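For reference, the structure is listed below as structure tokens.
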Amino acid sequence: MSKLILIDGNSIANRAFYALPLLTNSSGLHTNAVYGFTTMLLKLIEEQQPTHFMVAFDAGKVTFRHKDYKEYKGGRAKTPPELSEQFPLLKELLQAFGITQFELEGYEADDIIGTLTRQADEQGINVLVVTGDKDMLQLASPQVTIALTRKGISEVELYDPAAIEEKYGLKPLQIIDLKGLMGDSSDNIPGIPGVGEKTALKLLHQYGSVEEVLAHADELKGKMQEKVKTHAEDARMSKELATIFREVPMELTLDEMAYSGSEGQALASMFQKLEFKSLLDKMDFTAEEAGEEPAEELECQWVDTSAAAAFADKLKTVSAIYVEVIGDNPHYAEVVGISFYDGETAYYAPLDVILSEEGAPIRAWLSDPSKKVASYDVHRADVALSWQGIELRGCSFDVQLAGYLLDPTEASHTLAAIASKFSVGGLKEDEAVYGKGAKFKLPDSETLNNHLGRKAEVIARVTPVLEKALEDSEMAKLFHELELPLSAVLAGMEKQGILVHSEELRTLGVELNERIQDLMKTIYDLAGGEFNINSPKQLGEVLFDKLQLPVIKKTKTGYSTDAEVLEKLASRHEIVQHLLNYRQLAKLQSTYIEGLLKEVNEQTGKIHTYYKQTIAATGRLSSQYPNLQNIPIRLEEGRKIRKVFVPSEPGWSILAADYSQIELRVLAHISQDEKLMEAFHHNMDIHTKTAMDVFGVAEEDVDSNMRRSAKAVNFGIVYGISDYGLSQNLDITRAEAARFIEQYFSVFQGVRRYMEEIVMKARKDGFVTTLLQRRRYLPEINASNYNLRSFAERTAMNTPIQGTAADIIKLAMVQIADRLKREKLASRMLLQVHDELVFEVPDNELETMKQLVPEMMEKAINLDVPLRADVSCGRNWYEAK
DNA sequence: ACCGTCACG
DNA sequence: ACGTACGTGACGGTT
């Protein structure tokens with residue numbers, strides 16, 4: 001039984017384009033419409049099992065319809081370039097799929113499909129027409145079903161004549177009459193003004209066709225009669241325009257549309273070009289098809305206790321290892337085992353074997369810093385193994401870290417994804433082997449052995465490729481001398497942890513709880529009833545429906561109730577101030593009291609955070625489980641939380657040192673702005689200095705308001721300024737904000753030049769870099785969409801600044817860690833908070849450290865302006881301010 | 001899994 | 001006319 005699928009190519013491409021966010025591959029090619037189209041094709045092939053397949057496209061700007069009505073499709077917005085550039089890709093993709101495509105000058109896809117369905121009707125072939133265009137329903141017949149895309153792209157709704165009858169009460173051909181009466185604004189087909197779908201259906205149910213409606217116009221009432229009579233000609237013409245032409249002079253035989261499956265290789269290479277990673281995984285292409293260096297058979301040996309001694313002899317030739325760690329938080333994760341690759345054979349030793357007596361030589365080897373092996377996510381392995389009493393040393397390459405540096409914005413840096421991106425195949429994604437979420441399960445030992453063995457082998461194969469790529473992009477030094485050493489420093493800090501006074505934290509929680517209870521009671525009283533204050537939905541109803549407060553701002557899902565909105569409502573109702581207080585305290589309670597208590601390690605009494613080194617697009621670190629980079633400080637109430645972070649040895653102190661204005665100093669250096677450099681050379685208060693220059697007043701005439709504005713401008717400059725953003729921040733008009741910015745740039749001309757040049761550089765190269773050559777790609781820098789482009793421009797301005805500051809503190813960390821070790825100081829580095837480092841220090845080292853730390857931070861790198869770091873210490877983190 | 005909110009630099 | 005300041009993570013609620 002033949003089954004023919006006919007796709008309205010333009011319609012589906014359009015739907016996909018507007019339904020999906022703009023995706024780009026790394027070369028800046030837009031791919032969202034092609035992606036949507038692809039998922040639809042895959043779904044159709046799987047579900048419909050077509051024997052024949054064809055995609056029709058519109059061809060030529062002028063069709064025969066324009067002869068009768070030259071405004072046809074007039075007023076329609078021009079196809080955006082982000083979509084038009086995808087049509088060649090789409091056609092290439094269809095070829096890879098092995099799907100016939102057809103177009104004919106002067107005809108639209110509808111007409112081609114209309115003609116083919118007529119022929120199919122005659123020959124009794126089953127047809128499925130896929131389109132987003134309701135007009136096509138006119139083609140439905142016992143043989144022909146129409147699949148209309150619903151919201152989005154992946155869902156379709158099937159219409160056969162019965163379904164059309166049920167939905168509209170019309171025969172398929174009457175769809176033409178429907179459109180004749182109601183018109184179609186998107187095609188600029190007029191219809192009868194004022195007649196929408198409802199009226200049109202009513203008329204058709206009564207009279208059956210446009211012609212009959214016109215013939216019985218006299219029977220219609222008042223206004224309607226008048227409209228129908230005046231626009232009778234429009235209705236006739238509209239019907240004609242809406243009629244799909246089913247006699248296109250074309251010869252396309254069924255044989256030519258035969259579909260016999262897709263060719264894996266062509267499809268895989270197309271998916272690779274488009275960077276459809278999820279599809280590449282899902283399709284399970286063989287390595288050959290995927291164009292990857294074909295993975296050869298790999299012998300994977302299982303190392304048990306009886307084989308451990310023999311295996312130990314092979315260790316000296318091992319070039320890559322992989323430590324399988326299951327669980328998000330490496331401090332509490334399960335180490336499953338370690339796999340090894342010696343250039344020939346893979347070996348896998350489960351953790352219990354490594355921990356056994358027989359595993360001693362393996363443990364010794366793992367701890368040997370003089371060996372050189374490649375691995376993946378050494379940082380994580382280091383932390384997880386340390387909890388097993390195993391030291392991991394001597395990893396001289398990290399695939400994850402390299403993959404991150406080569407493109408920090410990549411969504412995931414899994415080993416399989418990085419390998420595949422660099423044309424090394426043979427490894428399945430963990431998800432495909434282990435399952436995910438609730439379905440996660442370690443497989444049988446043979447599968448596990450092979451999977452983990454393969455990981456070690458893939459690390460060995462991809463390492464030289466990544467080394468080369470790092471060289472080519474001038475990041476080899478950044479990798480080997482900064483990021484890789486840093487990963488060991490981080491692991492050390494995390495293992496060390498920071499002691500938390502849990503009892504004190506609990507006490508704070510009890511006090512807080514009483515105040516929260518009181519606030520809740522007051523709020524319920526004022527609201528006239530109980531509700532869940534934590535639910536923005538319920539709170540919105542109370543404020544804006546029940547209490548009738550004015551709506552200031554809306555979110556996607558309803559009323560906004562954020563602090564900014566509440567501040568504006570504070571004067572209008574007593575409840576609002578209580579809500580603000582409640583929010584503040586509830587945040588402290590849930591995130592910083594209960595949240596932190598949950599993360600205190602039972603054995604150590606400490607909090608061991610985990611720094612992610614491969615997440616932030618700018619090169620910053622981020623902190624998890626818990627996040628110790630966002631402990632409150634701005635409000636005294638929350639700042640008290642810092643009192644519970646204490647030294648882990650009696651009599652020691654907490655020492656904190658932070659860079660002063662590091663981002664603006666970095667800006668001064670990279671922009672070489674004379675005024676800004678001068679300000680820092682004189683170690684001036686930068687916001688006051690900015691106020692003096694921008695407002696043209698003497699230092700003593702800078703009032704607090706002027707300084708506040710100048711500070712906001714400085715922040716804005718670092719973020720990639722826009723008048724809108726500044727106006728929001730300072731609560732002034734856009735015009736005023738624009739004047740501030742102009743004033744700023746007229747003083748700091750070097751900064752203006754930098755901002756212009758960095759955006760131009762981003763356009764030219766497609767990426768921006770930090771001082772240490774860290775890179776960030778900005779594919780949207782040339783987008784025609786204003787928002788996307790502006791975002792990329794601001795990112796181009798901000799990333800070199802934020803990223804260079806991140807480079808610098810990372811340098812300081814590596815150098816300081818080195819120094820502490822070399823000089824055998826007992827002091828320990830515990831935390832990093834972007835521009836701040838926190839240590840615990842014994843008394844006898846306090847003076848040394850108070851000098852050493854800021855000095856090393858200031859000298860971490862030599863810029864054309866001085867760097868400054870302030871230091872302070874106390875019995876806890878709160879006091880070190 | 002996603003959203004709104006809010007903590008930090 | 002558009003609508004956003006840059007970079008993160010965690011929580012509770014909702015879907």
Side-chain angles (χ1 to χ4, degrees), chain A residues 328-329 408-409 436-437 531-540 553-566 579-580 582-596 598-599 609-612 615-635 637-639 641-642 658-663 667 712-730 734 737 741 768 776 784-803 805-806 809 831-837:
Chain A
D328 289 331
N329 183 343
T409 49
K436 70 164 171 179
F531 65 102
N532 188 342
I533 310 171
N534 292 329
S535 159
K537 193 167 164 238
Q538 292 181 37
L539 179 59
K553 193 164 66 166
K554 288 205 154 192
T555 67
K556 263 185 253 176
T557 49
Y559 307 121
S560 170
T561 67
D562 65 18
E564 200 189 314
V565 169
L566 295 183
L579 285 169
L580 283 163
Y582 171 87
R583 281 256 176 92
Q584 191 201 332
L585 301 189
K587 176 84 177 181
L588 289 177
Q589 185 75 288
S590 67
T591 305
Y592 297 105
I593 305 280
E594 290 164 5
L596 286 181
K598 272 185 229 152
E599 298 290 349
T609 189
Y610 175 60
Y611 289 102
K612 299 209 88 172
I615 284 291
T618 53
R620 275 190 175 182
L621 300 175
S622 81
S623 154
Q624 283 181 315
Y625 318 123
N627 182 354
L628 291 185
Q629 290 181 322
N630 71 348
I631 302 301
I633 190 166
R634 292 173 191 168
L635 300 173
E637 200 70 60
R639 192 172 190 158
I641 300 281
R642 294 183 172 228
D658 68 311
Y659 280 113
S660 160
Q661 302 298 347
I662 187 168
E663 293 190 336
L667 174 62
V713 172
N714 278 330
F715 267 99
I717 291 295
V718 169
Y719 291 158
I721 197 140
S722 73
D723 50 8
Y724 181 85
L726 184 63
S727 74
Q728 289 294 300
N729 192 288
L730 283 177
R734 244 174 103 162
I741 294 169
V768 292
R776 178 173 182 179
S784 71
N785 178 309
Y786 173 88
N787 277 330
L788 292 175
R789 190 177 63 248
S790 303
F791 188 22
E793 287 168 359
R794 291 195 298 274
T795 310
M797 300 184 232
N798 171 265
T799 294
I801 301 172
Q802 193 182 118
I809 195 166
L831 304 175
Q832 188 250 41
V833 193
H834 309 306
D835 64 355
E836 175 187 12
L837 296 175

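This structure is a prediction, so every number in the text was calculated from the model and none was measured.
Among the duplex regions that DNA chain C forms, those built from at least three successive Watson-Crick or G-U pairs under 3.5 Å are B:1-9 with C:6-14, ordered by first number.
Residue A:Gly716 is in base contact, counting any heavy-atom pair closer than 4.0 Å across all strands shown. Using a 4.0 Å heavy-atom criterion, one finds that A:Thr799 contacts no nucleic acid atom at all. As judged by a 4.0 angstrom heavy-atom cut-off over every strand, A:Ser722 is placed among the base-contacting residues. Note on A:Asn785: nothing from the nucleic acid sits closer than 4.0 angstrom, heavy atoms only. Across all strands shown, A:Ala617 has heavy atoms under 4.0 Å from sugar-phosphate atoms exclusively, and none from any base. Residue contacts shown for A:Ala796 are absent, as no nucleic acid heavy atom lies under 4.0 Å away.
If you run side chain to side chain donor-acceptor pair (under 3.5 Å) between A:Thr561 and each of A:Lys537, A:Arg583, A:Gln538, only A:Arg583 comes through.
Across the C1' atoms, C:dA1 and B:dC6 are found 32 Å apart, a figure rounded to whole Å. Rounded to the nearest Å, the gap between the P atom of C:dG3 and that of B:dA7 is 28 Å. C:dT4 sits 14 Å from B:dC3 when the P atoms are compared, rounded to a whole Å.
With sequence neighbours left out, the side chain to side chain donor-acceptor pair (under 3.5 Å) criterion links A:Ser784 to A:Glu82. Applying the side chain to side chain donor-acceptor pair (under 3.5 Å) criterion to A:Lys553, with sequence neighbours excluded, gives A:Asp562. Residues that satisfy the side chain to side chain contact (heavy atoms under 4.5 Å, CB included) test with A:Glu599, not counting sequence neighbours, are A:Asn329, A:Tyr625, A:Pro626. Listed by chain and number, the residues in a ring-ring contact (aromatic ring centres under 6.0 Å, His included) with A:Tyr559 are A:Phe544 (sequence neighbours excluded). For the side chain to side chain donor-acceptor pair (under 3.5 Å) test, no residue two or more places apart in sequence or in another chain qualifies with A:Arg789. Annotation: side chain to side chain contact (heavy atoms under 4.5 Å, CB included) contacts of A:Gln661 (sequence neighbours excluded): A:Leu664, A:Arg665, A:Phe680, A:Ile686, A:His687. Applying the ring-ring contact (aromatic ring centres under 6.0 Å, His included) rule to A:Tyr611 yields no partners; only residues at least two apart in sequence or on another chain are considered. For A:Tyr592, the side chain to side chain donor-acceptor pair (under 3.5 Å) criterion is met by A:Asn630, not counting sequence neighbours.
Around CZ of A:Phe531, the count of heavy atoms belonging to other residues, nucleotides or ligands within 6.0 Å exceeds 12.
The residue among A:Arg776 and A:Tyr724 whose nearest nucleotide of DNA chain C is located toward the 5' end is A:Tyr724.
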What one-letter contact string describes nucleotides 2-9 of chain B from 5' to 3', where B marks a base within less than 4.0 Å of any protein heavy atom, S marks contact via sugar-phosphate atoms alone, and - marks no contact?
-SSSBBBB
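The span of DNA chain C lying next to chain A, judged by atoms under 4.0 Å from heavy atoms, is bounded 5' to 3' by C:dC2 to C:dT14.
The salt bridge (Lys or Arg N to Asp or Glu O under 4.0 Å) contacts involving residues 712-723 of chain A comprise A:Asp723-A:Arg734, where partners must be two or more places apart or lie in separate chains.
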